[in-house]
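A quick write-up on the structure given underneath.
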Amino acid sequence: MGKMNVNLCGIELDNPVIPASGTFGFGYEFDELYDINVLGTFSFKGTTKDPRFGNPTPRIAECTEGMINAVGLQNPGVEKVISEELPKLYKVFNKKVMANVSGFSVEDYAYTVEKLDSVDEIGWFEVNVSCPNVHGGGMSFGTQPEAAAEVTRAVRKVTKKPIIIKLSPNVTDIVSIAKACEEAGADGISLINTLLGMRIDLRTKRPVIANKMGGFSGPAIFPVAVRMVYQVAHAVNIPVVGMGGVSSAENVIEMMLAGATAVEVGAANLVNPYACRDIIADLPRVMAKYGIENLSDIIGAVK
Amino acid sequence: MKQSIFTIKENRPLTDLVWLMRMAGDTSEITAAGQFVNIQLDGLYLRRPISVFDCEDGMLSIIYKVVGKGTEKMTTLPVGTELDVLTGLGNGYDLEKVGKKPLLVGGGVGVPPLYYLAKKLIAAEKKPEIVVGFNTADEIFGVEFFEEIGCKVTVTTVDGSVGVKGFVTNALEAIDYDYICTCGPEPMLKALYRATEAKGQYSFEERMGCGFGACMGCSCKTVTGYKRICKDGPILEKEEILWEK
């Protein structure tokens, strides 16, 4: 059997499959379904400084081969994540977890990362820069190289753990933003976050989602994700975590060929709660089919 | 929760828009009335959450209303079709908390889960009375199912074509009850909440992503904090409800 292990920013993963933030909660509820220790790791629910309810409902719209969500970073806030959610996770998960962090100001990000930094079980920070910057006119941090770099520098100051910046695809030049984060001290880049989308109900003649727009994810966006992972992975010298519509072992391998060191699975978890377990179980078969001995050998094999 | 394959045994219309589907499979995770199942359909990305109408010895029955692409597609599925179904979703009604003289109040496509609940309550020696509300006579369905198990049913119609004219709340005065279990459109739940002093359990509906608590797509605010309709609900106790919209 081929080897599935990969090294992500200095930490060894048994396999490259990682449930994406926002599709796996804080993990422990999935442990009722299967042993979540089969995962490479997982990225927990986006955590902010203060508790957030998120957006009004409806928050979900269906699309061809995908969905739009406008949950709005619902989470209990960093204090409760540390005191209530993570202890429940550690009872069932014995690997390092990826802490997904969001903020609405540079200070927010630094505050939340600093609080979480003392938690031993956290292996990596995944910093979501797709949120609007309330002090910067509401533009997303992830749309401007300088703003993304500023967030990176701020969190770099408060942790020695690997920092992975999660980029938005809703930009004109993702490579310049990835490079700015690398220069500012990021240890890795993950992409793509959701594509901004919208659906309208013909019957009511109003947007399906209360927030009007939301993040489009699912198999429909996979080709966009592969393209952006390819572009970024070939422009930076730090590991890239690929995501966007990944739903099968074949998709995982395609992402890795494009340049991903590890691969996150998002929307697929919501349709099939066993998606990640099934993908991991299927990887050896697909590796054998395509003559892959070690998954780590194929990272960025497409030049 | 369990993911398994069910085989359609029956799929027929009860009215112009409301259909009954029976399917055979592993029903072991369906532990309470008021729970729902989430059905995968070919060519549609998200599953379709539908409440359990009845469940007995490996036979799951649902009653669904044709409201969109998914439910339209369901009407075309012939007997023998295999479906990927997540079962045992949601909290369901808590029988222990139900009083001695329960009244079950259903509106439109909110009626089906109350049938399974009525059966469970009869088994628990808390025989319920039923009120079901519809807009017009041709929308009425399900009354005979309740009558077959010996429940007294009051029908209300908005246009007065059958039974009590008006809404389900217009039927309350004539009935002796000490507890309410209900499922129906939100305006009905709200009207009922205000029309009765009785305690009760209210079943809510919301557009869902996953249906099993992972995506936070269907969250609502309650007196006791944020709840996911799919996992912490769909049943809320009357005291917990916060009306926002």
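In what follows, chains carry the letters A, B, and so on, assigned in the order in which the sequence lines appear, proteins first and then strands, with residues in each chain numbered from 1.
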Is it the backbone or the side chain of A:Ala220 that comes under 4.5 Å from a heavy atom of chain B, or both, or neither? neither
Between B:Gln3 and A:Tyr274 the two heavy atoms that sit nearest each other are OE1-CD1, 3.0 Å
For a quick test of reading the model, state the closest non-hydrogen atom pair linking A:Leu270 to B:Ala214 and the distance between them. CD2-CB, 3.9 Å
Please flag which part of A:Asn269 lies under 4.5 Å from any non-hydrogen atom of chain B: side chain, backbone, both or neither. backbone
Side chain / backbone / both / neither for A:Phe24 at chain B, heavy atoms under 4.5 Å: backbone
Please tell me if the side chains of B:Met208 and A:Ile60 come closer than 4.5 Å, counting only heavy atoms from C-beta onward. no
What part of B:Leu44 lies closer than 4.5 angstrom to a heavy atom of chain A: side chain, backbone, both or neither? both
Taking everything shown except B:Phe167 itself, do over 12 heavy atoms lie less than 6.0 Å from its CZ? no
Does B:Lys231 come within less than 4.0 Å of A:Glu32, counting only side-chain N to carboxylate O? yes
Please check if atom NZ in B:Lys120 has more than 12 non-hydrogen atoms from other residues, nucleotides or ligands closer than 6.0 Å. yes
Between A:Asn69, A:Val271, A:Asn55, which has the largest tally of heavy atom pairs under 4.5 Å with chain B? A:Val271
Working to the nearest 0.5 Å, report the span between CG of B:Leu46 and SG of A:Cys63. 8.5 Å
Are the side chains of A:Thr57 and B:Cys220 in touch, meaning some heavy atoms are under 4.5 Å apart? no
Taking the side chain as every heavy atom from C-beta outward, state whether B:Ser219 and A:Arg59 have any pair of such atoms under 4.5 Å apart. yes
With chain B, which of A:Glu29, A:Arg203, A:Lys45 has the greatest number of heavy-atom pairs at distances under 4.5 Å? A:Glu29
Heavy-atom closest contact (A:Gly218 atom, B:Tyr45 atom, distance): CA-OH, 3.9 Å
Crowding at NZ, A:Lys80 (>12 non-hydrogen neighbours, <6.0 Å): no
Is it true that B:Arg207 and A:Glu62 have a side-chain N and a carboxylate O under 4.0 angstrom from each other? no
Looking only at A:Gly25, A:Ala61, A:Pro273, A:Gly22, most heavy-atom pairs under 4.5 Å shared with chain B are made by A:Pro273
Smallest heavy-atom separation, B:Met1 atom then A:Leu33 atom, equals CE-CD1, 3.1 Å
